[in-house]
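In what follows, every heavy atom counts, from backbone to side chain, and hydrogens, waters and symmetry copies are set aside. These figures come from a predicted structure and were not determined experimentally. Order of appearance sets the numbers: ligands from 1, and atoms from 1 within every ligand.
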Amino acid sequence: MAEIKEFKAESKRLLDMMIHSIYTHKEIFLRELISNASDAIDKYYLYALQNGQTPADLGIRIDLDETNRTLTISDNGIGMDEEELEDNLGTIAKSGSSAFKEEMKKKEEAENKEIDIIGQFGVGFYSAFMVADEVTVLSRKAGSEQAYCWKSDGINGYTLEPAEKEGRGTTIILKLKADDDMESYSEYLNSYMISDLVKKYSDYIRYPISMDVETQKMVEGTEDKETPEFETVKESKVLNSMTPLWKKPKSEITQEQFDQFYKEHFVDYRNPLETIFFKVEGNTSFTALLYIPSAIPQGFYTREYKPGLQLYSKGVFIENDCEELLPGYLRFVKGLVDSQDLSLNVSREMLQHDHQLRVIRNRIEKKVLSELSGLLKTDREKYEKFWKNFGLDLKFGVYNAMGRDNEKLENLLLFHSSAEKKPVTLEEYVSSMPEDQKDIYYISGQSIDVMDKMPIVNRLKSKGFQVLLLTEEVDEFVLQTIGAYKEHPFKNAAQGDLDLDTEEEKEALKNQNEEHKELLEFMKESIPGVSQVRLSNRLQDDPVMLVAGEGLSFEMEKVFQTMAAQSGEEMPPMKADRILEINPNNKIWNVLRTEYAVDKNRVKEISQVLYDQACLIEGFPIEDPIEYSRKVVALLSDLNE
Ligand SMILES: Nc1ncnc2c1ncn2[C@@H]1O[C@H](COP(=O)(O)OP(=O)(O)OP(=O)(O)O)[C@@H](O)[C@H]1O
């Protein structure tokens with residue numbers, strides 16, 4: 001009987017912690033052991049080259065034995081001698097791989113691109129004890145005839161003794177724990193489960209990982225029968241695809257392969273709209289394969305939608321949906337990042353330094369934006385398709401940045417133009433402005449058609465000015481955040497003074513307002529809620545219009561009201577200043593003037609009806625519809641008198 005050696009004291013504590021708390025998913029034990037096997041083969045590869053041997057048939061094997069409840073992982077890598085087994089597996093957190101890397105560095109052979117060691121902490125091996133209550137390691141070092149057997153239950157120490165083994169390498173046998181209420185360890189004996197785990201975590205390990213899997217085969221000699229017979233046979237199958245698509249040079253990848261990869265990995269049956277593939281070399285080197293979907297992803301607007309990119313470290317899968325890799329407004333981007341420079345924490349489940357992530361995220365952001373800007377210039381139709389799906393996200397990007405880095409996104413924005421009858425960029429708007437136009441005009445509303453017919457829009461159009469017709473709630477906030485584009489301020493056409501009149505027109509209007517000051521004041525007093533009633537040249541044919549004062553616009557008021565209603569919280573009412581403008585060229589103005597001399601009460605009634613009408617045009621509910629209807633009918637009835 002071999003002598004039982006104790007784990008070193010600190011190792012004992014670490015082991016317990018390992019098994020119970022470092023990893024959140026028990027299944028990653030397979031990833032750890034496969035990564036170790038792959039590292040060992042890498043090391044052998046180098047050893048073989050240095051010793052004039054030709055490495056051949058390198059690979060990893062998985063064997064499942066239901067009867068004995070064992071899962072075995074074998075590799076034909078470098079193997080371990082007695083001392084290494086003792087050192088590497090008897091002391092937790094002593095990584096032979098990091099010692100190897102140090103040595104490599106010293107020899108300045110680390111340049112050798114073939115060597116890309118995954119292990120660094122010296123704890124991964126122990127994850128085996130999360131699923132096994134006995135682990136046996138049979139190992140024979142390359143160049144030695146003697147093998148050794150290390151065995152442990154993970155609690156009481158380990159035994160180490162000479163053993164027999166054919167060929168070099170390491171075989172690790174896990175005796176799986178018995179199933180309990182919390183966990184079914186038996187599932188690690190299921191070949192489908194193991195295939196899935198290899199695909200998930202170790203698909204891009206560059207040596208073949210093979211396993212016997214059951215397949216249906218036609219029984220020989222039955223092919224000519226009416227119903228050919230089938231039998232279940234076990235066949236060795238390679239489970240991993242080995243070379244990650246993104247590790248190939250761009251010139252060797254077809255768009256079809258990119259598309260196929262997207263569809264397989266990112267749950268979409270459509271081809272992506274755009275593929276972005278790039279590598280960055282430097283302090284933080286990485287490869288990114290990104291996609292812009294051609295349609296809004298399923299559940300995009302629900303809480304369940306998980307933004308973020310897949311993260312790989314040296315081809316080994318680390319996590320899905322890594323949000324830190326993307327700014328929020330690019331949450332529609334799908335794809336992955338693979339970096340060899342990430343400082344992962346011990347469990348490889350979390351990233352330690354957000355600095356590296358920030359570097360990667362900034363590069364990704366820049367790249368995506370420059371690709372979008374290229375698309376806007378070279379393929380407008382495609383860009384507009386993108387804009388239709390994800391333009392809202394870019395707008396939120398502007399809004400949430402609160403005026404920081406406006407230049408980053410402002411040139412990618414599109415708004416519907418009254419002149420072009422299609423979306424235009426701010427650059428396009430400004431470059432088609434007549435010389436006497438100072439401001440960029442916009443108006444907000446529910447429908448482009450309705451806004452396009454609005455009196456003020458017609459007025460601006462008649463002067464050769466185009467108007468941006470905004471339909472989304474966030475639009476006005478976005479323009480306010482930007483403030484001005486190329487020194488042209490944004491101006492809400494339905495708000496404040498537009499300063500469109502000539503000096504003479506301004507003078508004439510001022511005089512008119514002065515002359516009828518008393519009537520206008522009387523009207524104001526008759527309408528609760530308005531801050532001013534005035535004559536205006538803003539209107540062409542229509543009798544009245546409701547205009548907001550400087551500050552809050554009507555559309556913003558509506559947005560705040562909706563927000564307050566949704567939150568259910570008591571908020572102080574956010575109200576835009578209401579100004580009623582009257583067209584002095586409309587017949588109603590004459591009526592008001594005449595009636596003011598004879599029947600002030602009637603002027604009061606007409607004023608209130610006009611105000612309610614202006615509210616309706618602006619999309620506000622009228623306060624007392626019954627009263628409004630009574631007044632209209634009364635006024636109509638008067639026509640016959
Ligand atoms: N299959 C193997 N063949 C040869 N050596 C191995 C094998 N598995 C483990 N080792 C040795 O045991 C050491 C400890 O392995 P362990 O998985 O605990 O740590 P690591 O791989 O170095 O780091 P990490 O914690 O990042 O996985 C390794 O560094 C390696 O030297």
Going by the rule ring-ring contact (aromatic ring centres under 6.0 Å, His included), which residues pair with F278 if we only count those two or more places apart in sequence or in a different chain? F286

For E84 and D81, indicate whether the former's side chain and the latter's backbone hold a donor-acceptor pair under 3.5 Å. yes

So for L33 against ligand 1, with non-hydrogen atoms under 4.0 Å, the contacting part is neither

Yes or no: does K43 have any heavy atom under 4.0 Å from an atom of ligand 1? yes

Within 4.0 Å of some non-hydrogen atom of E32, the atoms of ligand 1 are 27 (O)

Scan residues 174-204 for pairs that pass ring pair (Phe, Tyr, Trp, His ring centres under 6.0 Å), counting only residues two or more places apart or in two chains. F29-Y188, Y201-F317, Y204-W246, Y204-Y312

Flag F125 as yes when one of its N or O atoms lies below 3.5 Å from any N or O atom of ligand 1, and as no otherwise. yes

Does the structure place the NZ or CZ of R331 under 6.0 Å from the centre of the six-membered ring of F300, at an angle of no more than 45° from the ring's axis? yes

Q255 atom CD, neighbour heavy-atom count above 12 within 6.0 Å: yes

For ligand 1, find out whether one of its N or O atoms is nearer than 3.5 Å to an N or O atom of N36. yes

Close-contact set for ligand 1 against A40 heavy atoms, below 4.0 Å: 2 (C), 3 (N), 4 (C)

Is G124 in polar range of ligand 1, meaning some N or O pair under 3.5 Å apart? yes

From N88, I73, I60 - option closest to atom 31 (O) of ligand 1 by heavy atom: N88

Give yes or no for whether the N/O distance cutoff of 3.5 Å, strictly under, is met between D39 and ligand 1. no

Is the ring centre of Y383 less than 6.0 Å from the ring centre of F386? yes

Does CG belonging to D57 count more than 12 external heavy atoms closer than 6.0 Å? no

